[in-house]
Each structure stands twice: as C-alpha cells, then as structure tokens.
Amino acid sequence: MHDIRLAVLDMAGTTVADDGLVEQAFEQAAAGQGVAAGGAEHERMLAHVRATMGESKITVFRHLFGDEGRAQAANRAFETAYHDLVDDGRCRALPGAAETVAELRGAGIKVALTTGFSRVTQDRILGALGWQDLADLTLCPADAGRGRPHPDMVLTALLRTGTDAVQQVAVVGDTGYDMLTGRHAGAGVVAGVLTGAHREDRLLAGGATHLLPSIAGLPALLLARGER
C-alpha cells in the first residue's frame, strides 16, 4: 500500500463554509442577465448550479447562457457579488480545517488547496481567512488547464510538489465532481466530506473510497491506515 504524500483539498464546502454564498452570488449574476428570481428559468439554472457545485464557475455559466459574452459577464458579476460577501465577513473556516492542514504537513504530507473559483476569488478567500501560507500550494482551474471533473488540478499539484505517484495522493471534497476528479487522477484515496453541497449517495456515485463527517477526520484516516 502506498504512503499518502499529498492531500489535495477542496475549499468551499470542505475546508471553508459555504453558507449559501454561491447561491446568493448566483442570484445577482443571473439578475444581471435578466433572469429574475422565482421564475422557471431561474429555478432551472439554480438547479444546475446546485448539481454542478465544484465545477469551474465559468464553465457553469457557459452552459447556462450558451454565449461567451453573457457567460463572461455573469461570471464577473458572480465574482463581484461573492467578493462583497467575503468582505462583509461571511467567509469562515470549517471547524478543524486549519488544524487538519497543520497536522498533515507536520506528518510530512504536502497539502494543496483547490477551488472551482477564479484565482482572484480564491485569493480573496485565502486573505479573509489569513490562509495565504496555510498550505504548500493553492490552485484554481486557470493554474492547471481545466477545472473539475478533469484531473488537471490534482496532477498539477502532484507535479509541483514533486510527488512520485498518483497512488500517493488523497483527494478530498464535498461534491461528486471532487470525487470524479480524484478518480480521473488515479488518486489512492478519494474521500468525501458531508459538510457541503452533496450527500452520501452523490459522493459514492462519484467514486468516493471513504466518507467523513468533516475534514477534521482526515488525519485519522490518512495517518492511522498504516500508510506512513
């Protein structure tokens, strides 16, 4: 059995509380494109946003609006709204998240924080939490090529941290897209946490090898499996 040398952790819903911020920011982005809350089109779009939590946000807006100009405008409005919510103090770490990262790194496991947001939004969140130096590496889709469910961010983290094999990687997230990403990357551990967007059935359908109540349970999983 391979030692786990790298943990690739999602942010919103996994290490960072979402608290409905994505949906609130989407409301403003959709309104800017003439899609009013309460209508059938809005409900259809919101259902897609919920189903695709974890996917790159610009990819979601491209699907919803079918036009690059509208998608880019919606994405800019989304980011502005999300930034305002973060700046208003609505962003908080999930219990045990920072401690988990510190414990893993203390045990010699490198940690990458990943997101479906843009780099600007990711940096806004990291700054609000004081997490700029928490992990070994932070990645967004633009840093790697493609977002989830593609394996690009996981494989980029492997390369940048000098990890030797995909079997030495643990991928952790709260959505089915996180699980698919881990599977597509060939990760040795693909763990779903129950603090975010998707429930057990969606995580298992995405390929989760383990389910955890929260990120706080990850050190016990990785350090007590005889993998180090």
Side-chain angles (χ1 to χ4, degrees), residues 1-16 53-59 93-94 96-127 129 131-193 195-196 203 206-210 212 215 217-219 221-223 225 227-228:
M1 185 177 293
H2 290 267
D3 289 346
I4 295 297
R5 301 288 183 179
L6 169 65
V8 179
L9 313 181
D10 171 54
M11 292 181 66
T14 302
T15 55
V16 180
M53 286 290 191
E55 189 176 8
S56 170
K57 292 299 174 282
I58 185 59
T59 302
L94 281 167
E99 294 83 357
T100 289
V101 174
E103 185 172 354
L104 293 179
R105 294 184 72 188
I109 297 175
K110 294 180 179 178
V111 176
L113 294 175
T114 63
T115 184
F117 295 133
S118 70
R119 166 53 62 184
V120 173
T121 302
Q122 185 177 38
D123 285 345
R124 200 78 161 235
I125 296 168
L126 294 169
L129 297 175
W131 279 12
Q132 296 94 329
D133 300 314
L134 180 68
D136 296 278
L137 181 66
T138 63
L139 292 171
C140 69
D143 297 324
R146 297 172 297 178
R148 307 180 187 111
H150 301 290
D152 301 29
M153 287 194 288
V154 175
L155 299 179
T156 297
L158 178 147
L159 292 171
R160 291 194 185 179
T161 58
T163 304
D164 293 331
V166 291
Q167 296 91 343
Q168 296 175 333
V169 180
V171 173
V172 187
D174 66 297
T175 72
Y177 278 79
D178 293 306
M179 304 300 96
L180 286 171
T181 296
R183 283 299 199 181
H184 291 163
V189 170
V190 181
V193 297
T195 50
L203 296 171
T209 60
H210 299 80
L212 300 171
I215 194 68
L218 186 62
L221 172 65
L222 298 186
L223 303 179
R225 294 175 71 232
E227 293 188 334
R228 293 202 63 74

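Hydrogens, waters and symmetry mates play no part in the numbers below; they use all other heavy atoms, side chains included.
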Within the distance-only criterion (no hydrogens, no angle test), does the side chain of T100 pair as donor or acceptor with the backbone N or O of I215 below 3.5 angstrom?
yes
Do the non-hydrogen side-chain atoms of W131 and V16 ever get within less than 4.5 Å of each other?
yes
Report yes if some heavy atom in the side chain of L126 is under 4.5 Å from a heavy atom in the side chain of L113; otherwise report no.
yes
Flag the pair T209 / R183 as yes when at least one side-chain heavy-atom distance between them is below 4.5 Å, and no otherwise.
yes
Enumerate the side-chain hydrogen bond (donor to acceptor under 3.5 Å, both in side chains) contacts for residues 101-112, please, sequence neighbours excluded, ordered by first and then second residue.
R105-D136
Quick one: closest heavy-atom pair of L221 and V189, and the distance?
CD2-CG1, 4.2 Å
T195 side chain vs G13 backbone, donor-acceptor pair below 3.5 Å
yes
Output yes when a side-chain donor or acceptor of Q168 lies under 3.5 Å from a complementary backbone atom of L6, and no otherwise.
no
Please walk me through it: do R160 and L139 pass side-chain contact (heavy atoms from CB on, under 4.5 Å)?
CA-CA 11 Å; R160 291 194 185 179; L139 292 171; 3.5 Å; yes
Which distance, rounded to the nearest 0.5 Å, do you find between the CG of L129 and the CE of M11?
6.5 Å
For the residue pair R119 and D143, establish whether any side-chain heavy-atom pair is separated by less than 4.5 Å.
yes
Does V154 form a side-chain contact (heavy atoms from CB on, under 4.5 Å) with V166? I'd like the steps, not just the answer.
CA-CA 9 Å; V154 175; V166 291; over 6 Å; no
Any pair with a residue in residues 146-157 that passes side-chain hydrogen bond (donor to acceptor under 3.5 Å, both in side chains), sequence neighbours left out, goes on the list, sorted by first then second residue, please.
D10-R148, T114-R148, R146-H150, R146-D152, R148-D178
Less than 4.5 Å apart, any side-chain heavy atom of L94 and any of T15?
no
